[in-house]
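Notes follow the structure.
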Amino acid sequence: MSEPLSAAMRQQMLQRMIEIREIEGRIQELFLENVIRGTTHLCDGQEAVSVGMAAVVDAAHGDTVTCTYRGHGHALALGLTMRSMVAEMMGKVSGCCKGKGGSMHLTDMPNGLIGTFAVVGAGLPVTNGAALTAQTKGTGALALGIFGDGTPNIGAWHEAVNLAAVWKLPSIFLCENNLYGEYSPYADTAPVENVADRACAYGIPGVIVDGQDAEAVYAAVKTAADRARAGDGPTLIEAKTYRYRGHSRTDPAAYRPEGELDAWLQRDPINILAARMIADGQITQAAVDGLKAQAATDAQAAIDWALAQPHPPLDAVHEDIWV
Amino acid sequence: MSEPLSAAMRQQMLQRMIEIREIEGRIQELFLENVIRGTTHLCDGQEAVSVGMAAVVDAAHGDTVTCTYRGHGHALALGLTMRSMVAEMMGKVSGCCKGKGGSMHLTDMPNGLIGTFAVVGAGLPVTNGAALTAQTKGTGALALGIFGDGTPNIGAWHEAVNLAAVWKLPSIFLCENNLYGEYSPYADTAPVENVADRACAYGIPGVIVDGQDAEAVYAAVKTAADRARAGDGPTLIEAKTYRYRGHSRTDPAAYRPEGELDAWLQRDPINILAARMIADGQITQAAVDGLKAQAATDAQAAIDWALAQPHPPLDAVHEDIWV
Amino acid sequence: MATITYREAVVRALAEEMDRDSDVIFFGEDVGKAGGVFKVTPGLYERFGPARVRDTPISENAIVGAGVGAAVTGLRPVIELMFADFAAVTLDQIVNQAAKMRYMSGGQIKVPLTIRAAQGGGAGFASQHSQCCETWFMHAPGLKVVVPSNPADVLGLLKSAIRDDNPVVFLEHKVQYTEKGEVPDHTEHVVPLGVANIVRRGDAVTIVATQRMIGVAQQAADELSGEGITCEIIDPRTLVPLDMATIIRSVQKTGHLVTVEEAVHAGGWGSEVATRVTDEAIWSLEGPVVRVTLGAGIIPFSEPLEHHLIPHKARVIAAVKRTLAV
Amino acid sequence: MATITYREAVVRALAEEMDRDSDVIFFGEDVGKAGGVFKVTPGLYERFGPARVRDTPISENAIVGAGVGAAVTGLRPVIELMFADFAAVTLDQIVNQAAKMRYMSGGQIKVPLTIRAAQGGGAGFASQHSQCCETWFMHAPGLKVVVPSNPADVLGLLKSAIRDDNPVVFLEHKVQYTEKGEVPDHTEHVVPLGVANIVRRGDAVTIVATQRMIGVAQQAADELSGEGITCEIIDPRTLVPLDMATIIRSVQKTGHLVTVEEAVHAGGWGSEVATRVTDEAIWSLEGPVVRVTLGAGIIPFSEPLEHHLIPHKARVIAAVKRTLAV
Ligand SMILES: Cc1ncc(C[n+]2csc(CCOP(=O)(O)OP(=O)(O)O)c2C)c(N)n1
Ligand SMILES: Cc1ncc(C[n+]2csc(CCOP(=O)(O)OP(=O)(O)O)c2C)c(N)n1
Ligand SMILES: [Mg+2]
Ligand SMILES: [Mg+2]
């Protein structure tokens with residue numbers, strides 16, 4: 001980790017992580033109660049990646065992000081409101097995508113989120129396109145694509161990283177290595193120890209970072225961003241992290257070895273940052289608890305609001321297909 | 001290069017390279033005369049890869065090969081007859097694929113050639129399947145997939161090499177780096193200097209070999225074959241070679257820098273092996289000339305034979321679709 | 001006769017065929033140790049071992065290609081693509097390679113490969129995990145395309161698919177996995193590919209439907225029978241080969257055709273059935289051929305919208321009444 | 001009016017639109033320095049420079065995805081897939097991403113992307129370089145699909161495609177690249193998407209055909225006119241949107257419909273035209289709707305076989321006579 005961030009930035013990261021943790025828990029409940037249907041892919045445990053990344057992204061200047069279906073945390077970190085997101089997951093017209101996308105397909109252009117892609121690898125070629133716009137127009141913007149540890153096995157991932165390297169695009173490829181792709185441990189489906197080890201095939205930097213440390217993630221993404229904006233091309237970043245829950249829906253994650261979850265809970269990203277801030281005299285435990293209580297209140301308010309929203313009118317089903 | 005091959009093997013390699021060179025020249029003529037239609041992708045200059053590879057492949061014991069549309073040399077090296085191949089390119093019923101495949105789609109199962117794949121990268125996943133059969137049945141066979149220097153950019157290539165590495169399949173990935181993918185120089189579309197450099201991303205050996213030296217190619221493929229048969233998994237081999245002609249059909253290859261072709265002609269694979277054999281007292285220049293004359297005669301005979309063959313009956317168009 | 005679910009019929013067919021023929025292998029993403037994301041294939045890994053049941057990386061091109069290569073060289077692989085929508089990332093291997101290799105090779109090669117995938121909407125999986133994808137495969141000669149609608153057909157048709165020497169795309173409707181039905185107890189319940197099933201007899205109109213739409217057609221037929229309109233419902237079971245003879249015989253009797261499918265209008269299988277009928281039996285038609293489809297629709301997440309888009313009882317009834325002009 | 005080739009019309013449309021709008025960029029494999037494998041796009045690289053005209057690696061997923069991402073963020077990219085058959089390696093980016101992103105985002109996004117590709121048989125390129133692939137795209141709402149048949153339409157439709165705010169798949173018939181035709185001299189020759197062209201007037205039968213099949217239909221019509229049978233030939237120009245009104249008006253006049261397409265029967269656009277007519281105008285039909293297609297065919301290399309498989313004059317004449325029962 002390079003130099004510590006300002007107290008204000010830390011505070012914002014901490015608060016956002018707490019909010020993400022809170023809403024994900026509520027979403028799981030709503031899913032089990034059948035209020036949210038379909039499927040969900042929650043990110044508890046991975047919040048540091050979301051806020052570390054988002055602290056670098058400057059949507060106002062054209063930076064964009066694509067990520068995966070495990071995208072609630074990223075969307076919130078970038079600035080999507082809980083209300084808009086929860087309403088989307090309930091299929092309500094007030095959702096960010098008018099209820100047409102759902103949990104797996106969040107788009108929030110004002111905050112730079114092009115989409116949370118549900119086909120593995122599919123977002124990364126699109127990220128390059130956003131980077132191409134930046135390069136062609138000389139805007140200095142960057143495009144960041146987030147993916148999981150199972151994703152480097154798919155062709156689209158390879159083609160995207162490769163093209164970005166050949167064209168020196170201002171792309172950043174950020175892996176959330178949470179040890180599993182669905183129910184398969186990383187090592188069962190990948191031939192190299194680290195995702196970052198693959199960077200050698202593209203002649204680009206491959207960086208490993210502690211995904212539980214928001215500031216470390218920030219620093220790694222910031223370095224990659226400077227490189228991208230300077231025209232030096234893409235970076236592959238691997239954040240080592242962990243998802244506390246199963247892959248999706250009701251997966252009990254029985255494939256995880258005994259004790260693994262507990263060990264990771266010891267390195268909880270919220271606790272890590274909170275402890276550091278307490279040690280630095282920037283926050284008190286009471287204030288942290290206050291943030292949690294506030295997040296719970298906010299989440300409940302968002303849910304109540306979303307529940308009260310209407311579904312889209314039936315005719316809407318045929319709108320928004322062609323311009 | 002490891003120890004030299006036997007005189008008999010060298011003789012066979014030399015003869016086959018001369019035959020390939022001869023027939024490719026005649027095919028180009030027939031194409032320009034409109035006797036062969038569609039397109040052709042000739043391999044003059046790359047013959048050492050064909051014969052070096054084929055000397056390792058043991059079709060009788062289940063070894064198989066897939067290659068690209070630039071596959072005439074490989075097919076002949078594996079044992080397809082000139083007649084059958086030329087007839088195929090003329091769309092005659094006596095062609096190896098009854099005229100349905102043509103120049104780009106040669107299959108010759110008795111000699112282990114599953115196909116010459118016309119979609120870039122598409123043959124390599126299939127090669128793994130043949131390797132999977134060998135692994136599952138424990139036959140000790142290997143599966144070898146040949147591709148060009150432009151091919152590592154496509155997703156199917158990546159997925160195939162990756163799966164072979166993860167499953168330790170008896171696959172061999174043999175690249176003919178002839179410096180160009182169509183009209184694009186290798187360096188314009190690839191981020192690393194050598195194709196073999198990509199092996200690091202899969203934790204497998206990446207080997208560079210002189211593609212103009214048939215014995216060197218043989219040695220590299222043999223090492224990979226031993227490894228594959230021993231259950232140690234795949235190898236990526238890059239043979240540095242050159243195609244004397246354009247990419248296909250009437251391409252004059254104007255994109256090549258002045259003098260490049262001449263320099264490569266100095267390292268002609270036929271001359272290299274012939275000179276070595278002459279130096280070792282295994283053949284005379286007169287005998288080499290004799291081989292060339294014989295190849296010309298054989299090529300002419302094959303062409304005459306193929307010309308005399310009938311086209312398939314029209315009803316054949318609807319046969320061979322379903323079993 | 002035992003009563004089992006659609007899901008259980010899949011794993012039973014696989015287990016029976018793997019027992020019967022050691023050349024049958026099975027692989028895909030999380031199909032082995034985890035028993036599949038839809039929990040369709042539990043127990044196979046334990047029973048047949050890691051050589052014959054394999055979990056793969058997320059590499060659909062590599063998966064299908066490995067299936068093709070293994071099929072060509074003597075195995076009889078069954079592979080799973082999980083959601084049928086993902087076939088789009090590897091369509092080349094399916095329609096350009098698997099489907100055409102026999103033809104291109106002049107008949108030297110056969111490709112006894114079965115590609116399983118779960119398709120269909122109604123469960124809130126939104127636009128990229130809900131499509132019915134038959135069209136991609138029907139449009140590629142060389143493939144066979146199977147769309148089972150009940151447990152007995154899943155069992156009998158999957159066994160046929162695995163035994164078939166052609167590449168077969170076997171599409172399971174994910175919303176039907178929990179549906180139950182009776183199946184014979186013996187291990188040789190094989191349903192041939194290319195034989196339609198007349199699900200219900202009637203005189204007024206022929207309704208051709210597949211998978212979940214059979215249930216929708218039944219609901220419509222129940223209601224219509226109250227009005228004295230009897231529907232004949234035909235389940236083609238396989239779209240390639242397509243049993244047009246049974247459909248045309250029915251239309252010759254009823255004079256009216258309605259197709260009910262859970263796919264986009266343009267290019268859907270309904271248009272193939274409809275045009276074959278209008279070509280081969282137009283003089284039997286006493287009303288317009290009406291297709292009930294998704295129209296030019298994309299499947300939305302929102303529940304009321306999704307249910308509105310996917311053909312339902314009221315739309316089938318309206319279609320029947322339109323062709324009957326009542 | 002100048003006479004130019006179909007090929008020249010492509011590059012002229014591109015150059016005019018790139019001149020007009022600096023957001024238009026163009027990339028694909030060997031499209032720049034080399035001017036394209038079909039020599040369709042020479043001079044653009046020299047004229048517009050390496051930032052706006054780019055050669056890519058052989059990475060179709062990356063190419064289409066880059067087009068999508070660039071389109072979403074403010075450019076108006078035109079990309080080339082070379083042979084349309086290769087769309088199969090990146091169908092996901094086209095039909096699951098480009099086509100659906102606007103919908104999934106609830107209308108937040110637009111994707112002004114043009115995907116060019118060369119399709120069609122007759123040139124001896126065998127089964128993987130000769131297909132007509134419209135079905136893949138027609139079956140994906142959100143896309144528009146353009147199939148120009150002559151230089152003026154290539155010019156005017158490609159300009160429309162580039163200006164359109166939707167993803168457009170623009171399919172050029174490779175065998176037509178050398179065909180010549182007249183085009184206006186000014187730089188605003190824009191042909192709207194969704195308006196069919198009545199190529200020939202007639203009373204006896206309506207023939208709907210696209211691209212190279214228009215010429216085949218013309219040959220048939222010439223011969224039939226000798227027998228007193230006058231054919232009306234309609235070129236829909238775009239398959240999405242599809243100008244059914246023009247087709248139905250014609251069928252209402254002639255009472256007979258024949259479709260001529262260079263694609264596989266099942267799922268082909270002919271079935272869409274045919275079923276729309278039988279649904280919306282069955283009482284105008286005085287004979288069966290006959291489709292002339294590749295049937296369940298795969299394109300062979302061998303010349304006589306290929307010419308036998310692809311619809312030709314005799315087959316169109318036979319189809320017309322069958323619907324007319326003469
Ligand atoms: C092309 C494709 N294949 C398969 C899937 C099914 N699938 C959804 S998530 C997933 C696992 C992805 O794992 P990883 O990349 O590690 O991301 P994580 O879920 O752990 O965040 C798979 C296989 C898919 N969505 N797309
Ligand atoms: C998926 C796909 N994209 C594009 C093409 C067109 N194409 C045919 S050969 C070729 C170049 C291949 O170059 P390389 O791999 O170096 O092989 P070489 O021709 O030099 O032997 C291309 C782009 C194709 N056949 N398939
Ligand atoms: Mg993961
Ligand atoms: Mg090359």
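Here is the naming used below: chain letters follow the sequence lines, and residue numbers restart at 1 for every chain.
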Fill in: OG1-CG distance between A:T133 and A:N128, expressed to the nearest 0.5 angstrom
11.0 Å
Could you tell me which of [options] has the largest number of non-hydrogen atom pairs under 4.5 Å with chain A?
options: D:K144, D:R54, D:E60; value: D:R54
options: D:V64, D:V68, D:L75, D:D165; value: D:L75
options: D:I109, D:N96, D:I58; value: D:I109
options: D:P77, D:G107, D:G65, D:A51; value: D:G65

For chain D, the option from [options] that forms the most heavy-atom pairs under 4.5 Å:
options: A:V317, A:T66, A:T64; answer: A:V317
options: A:Q135, A:M104, A:E88; answer: A:Q135
options: A:A122, A:A118, A:G62, A:G101; answer: A:A122
options: A:V93, A:D108, A:V161, A:L106; answer: A:D108
options: A:E159, A:K98, A:E319, A:K137; answer: A:E159

Under 4.5 Å heavy-atom distance to chain A, tell me which part of [X] shows up: side chain, backbone, both or neither.
X: D:K100; result: neither
X: D:V168; result: neither
X: D:L143; result: backbone
X: D:T56; result: both
X: D:D92; result: side chain
X: D:D23; result: side chain

Worksheet item: Which atoms of A:A160 come close to chain D, meaning under 4.5 Å heavy atom to heavy atom: side chain ones, backbone ones, both, or neither?
Response: backbone
Practice prompt. Begin from the C-alpha positions of A:W157 and A:Y202 and carry the test ring-ring contact (aromatic ring centres under 6.0 Å, His included) through to its verdict.
Written response: CA-CA 12 Å; A:W157 178 88; A:Y202 311 97; 5.8 Å; yes
Practice prompt. List the steps, then state whether side-chain contact (heavy atoms from CB on, under 4.5 Å) holds for D:V40 with D:R116.
Written response: CA-CA 11 Å; D:V40 172; D:R116 290 182 45 240; 3.6 Å; yes
Indicate yes or no: does [X] engage [Y] in a salt bridge with an N to O separation below 4.0 Å.
X: D:R163; Y: D:E16; value: no
X: D:R237; Y: D:D243; value: no
X: A:R198; Y: A:E238; value: no

Practice prompt. Could you check if a side-chain atom of D:V31 sits within less than 4.5 angstrom of a side-chain atom of D:F38, using non-hydrogen atoms only?
Written response: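 D:V31 vs D:F38: side chains apart.
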Discussion item. A:S50 and side chain to side chain donor-acceptor pair (under 3.5 Å): which single residue from A:E176, A:H74, A:H72 fits?
Written reply: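 It is A:H74, the one option of A:E176, A:H74, A:H72 that forms the side chain to side chain donor-acceptor pair (under 3.5 Å) with A:S50.
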Fill in: Residue pair D:F137, D:F170: steps toward the ring-ring contact (aromatic ring centres under 6.0 Å, His included) verdict
CA-CA 10 Å; D:F137 312 116; D:F170 191 89; over 10 Å; no
Practice prompt. Just do the side-chain contact (heavy atoms from CB on, under 4.5 Å) check on D:D164 and D:L193 with the steps written out, would you?
Written response: CA-CA 9 Å; D:D164 200 283; D:L193 307 184; 3.6 Å; yes
